[in-house]
Structures are given as structure tokens and as C-alpha cells.
Amino acid sequence: MTLSYPLICPDTLFYARPTHIVARELIGKKLVRMTRSTNGMSSKRISGIIVETEAYGFDDDAASHAYKGMTQRNFIMFGETGRAYIYFTYGNHFCLNISAKMDGIKAGAVLIRALKPLEGIDVMKKFRRTDDELSLTSGPGKITQAFDIKIDDNGKIMTDLEGELHIEECEKIQTLGHPINTVLETRRIGINKALDKKWRFVMAHIDSRGNYIISKYASRQK
DNA sequence: TCGATGATTGAG
DNA sequence: TCAATCATCGAA
């Protein structure tokens, strides 16, 4: 495939590439949620900068929901790229993914694991029932709670800038008080299969002594 | 129908 | 370190 213009995340082609590439490039983008306007309450905008993602593949990835084929739960991973794949787990939590895979590959998705809260922090605090900003969105289950993302958001188009749940470019990361020089690759968290793959990506910067400093908004460290 | 499991979280 | 908690999946 030849592209004559830069790939930006509002484009479904951004997600039509190898899943781990998309996962890496989603670091630094913005996840945006518009809350529903209810009687009297106007719609509010919630957003955060993506600081941690993980890639999940198909038959080369035993840790992936799609490993054994399509089911009622994972079918979004097999469909159009740039869609929300949301699932319920551990009896308590929803997790948000975005379908992403290269042409010809059967399935794939990127799990959004952590954000730096940006807009609508007061709303997030309400949904999360905590005032601790470092705990608002530092984990996949926390993100969906802070953004009020539920199973009825499954399949939503993440490339529509007018959509109530979508991804945007983020031009001003450097001025948002979050240094980023590099993206770290590590083993994925919370799985016990396919441990060889380094498909977790975390926003980081290198300090003056040359040490790698992982974003303080990432999920459980190490 | 039924038992095992889990891309997590929060408390101790 | 460990329990909570239930939808999903695959076997029966």
C-alpha cells in the first residue's frame, strides 16, 4: 500500500497496519469522550493523553482473545479497523480496545491501558469516586470507569471526530507538562501466555543522567 | 447446562 | 499477596 499523505489517527488507514505499530503510535494521541447531555446537564468533554497500550494479535498470539477464532465477544477484532472493541472481565471491569490490523491479517486490536487525564477531570473524579489524579486512568478498567465507557460503546467508530468516543491527534504534548522522548517496549501485563512478545508500549523520557523514566500515569509499574 | 477462567482492581 | 465477581467460552 502506498500512501501519499501523512497517516493521522482520524483515518481508518491509521489502524490498517500491523497491530503493534498502531499500538506504539497511539502513544501520545488523545482519547476523547463526550458525555450524553441529560435534562439540564449539558454534554461535557472528557479527554486524556494515551501513555500506555498493548497489542493483541491473531493466531500468532496465544494471549489474544482472537487466538482461537471469532466468537460473539471478539468479532470486532475481525472487522473494520478503527472500531471500539469493549469487553467485560473479572466480573467488574470493562476494557477498551481499538481494532487494528494489517490488510490480510484476520484479527487484531490495541488495548488502551493508561492515560494522562486532560479535560473533564472533575467528571472523571466523580465517575471514579476518587480525587487522586494518578489513580483516575492508570489502568484499563479505570479508564472505562472514568470515561463512563460501557458495553454499549462496543463497535463505535473511533475515527469520527464528531463521535462521542474517538481518538484525536495531540499536537502539544510537550507543553502539557508531560515530557516524552521515547516509547518503551515491554512484556504485556496480566497475561501468562505468549510472554516472549514485547507488545506493551509506555510513554517515557530520558533524564539528564540517561535514565529511562516511565510516565507516572502508566499502570502498575514494572 | 456447567465449571473454569480472566488483557483487573483495591484493600490489607 | 489475595479476594471479589460474573460474562464468556468450550466441553459435556
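Letters A, B, ... mirror the listed sequences (proteins, then strands); counts begin at 1. As the structure is a computational prediction, the values presented were derived from the model and not from experiment.
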Those residues at least two apart in sequence (or on a different chain) that pass side chain to side chain contact (heavy atoms under 4.5 Å, CB included) with A:Asp59 are none
Sorted by chain and number, sequence neighbours left out, ring pair (Phe, Tyr, Trp, His ring centres under 6.0 Å) with A:His166 holds for none
Spacing of A:Tyr67 atom OH relative to C:dC9 atom P, expressed in whole Å: 17 Å
Show me the pairs that pass salt bridge (Lys or Arg N to Asp or Glu O under 4.0 Å) and involve residues 187-198 of chain A, at least two apart or across chains. A:Asp61-A:Arg188
Counting Watson-Crick and G-U wobble pairs with both distances under 3.5 Å, what is the dot-bracket string for DNA chain C, 5' to 3', using [ ] for crossing pairs and | for pairs to another strand? ||||.||||||.
Pairs touching residues 121-140 of chain A that satisfy salt bridge (Lys or Arg N to Asp or Glu O under 4.0 Å), sequence neighbours left out: A:Lys44-A:Asp122
Please, which pairs that meet ring pair (Phe, Tyr, Trp, His ring centres under 6.0 Å) have at least one residue in residues 29-64 of chain A, sequence neighbours excluded? A:Phe58-A:Phe78
Scan for ring pair (Phe, Tyr, Trp, His ring centres under 6.0 Å) pairs involving residues 92-131 of chain A, sequence neighbours excluded, and state none if there are none. A:Phe88-A:Phe94
Nucleotide C:dG10, atom C1' - distance to CE of A:Met70 in whole Å: 17 Å
Do the side-chain N and O atoms of A:Tyr212 and A:His205 include a donor-acceptor pair separated by under 3.5 angstrom? no
Using a 4.0 Å cut-off on protein heavy atoms (strictly under), produce a 5'-to-3' string for nucleotides 5-12 of chain B with B for base contact, S for backbone-only sugar-phosphate contact, and - for none. -BBBSS--
Not counting sequence neighbours, which residues clear side-chain hydrogen bond (donor to acceptor under 3.5 Å, both in side chains) with A:Glu169? List them please. A:Lys29
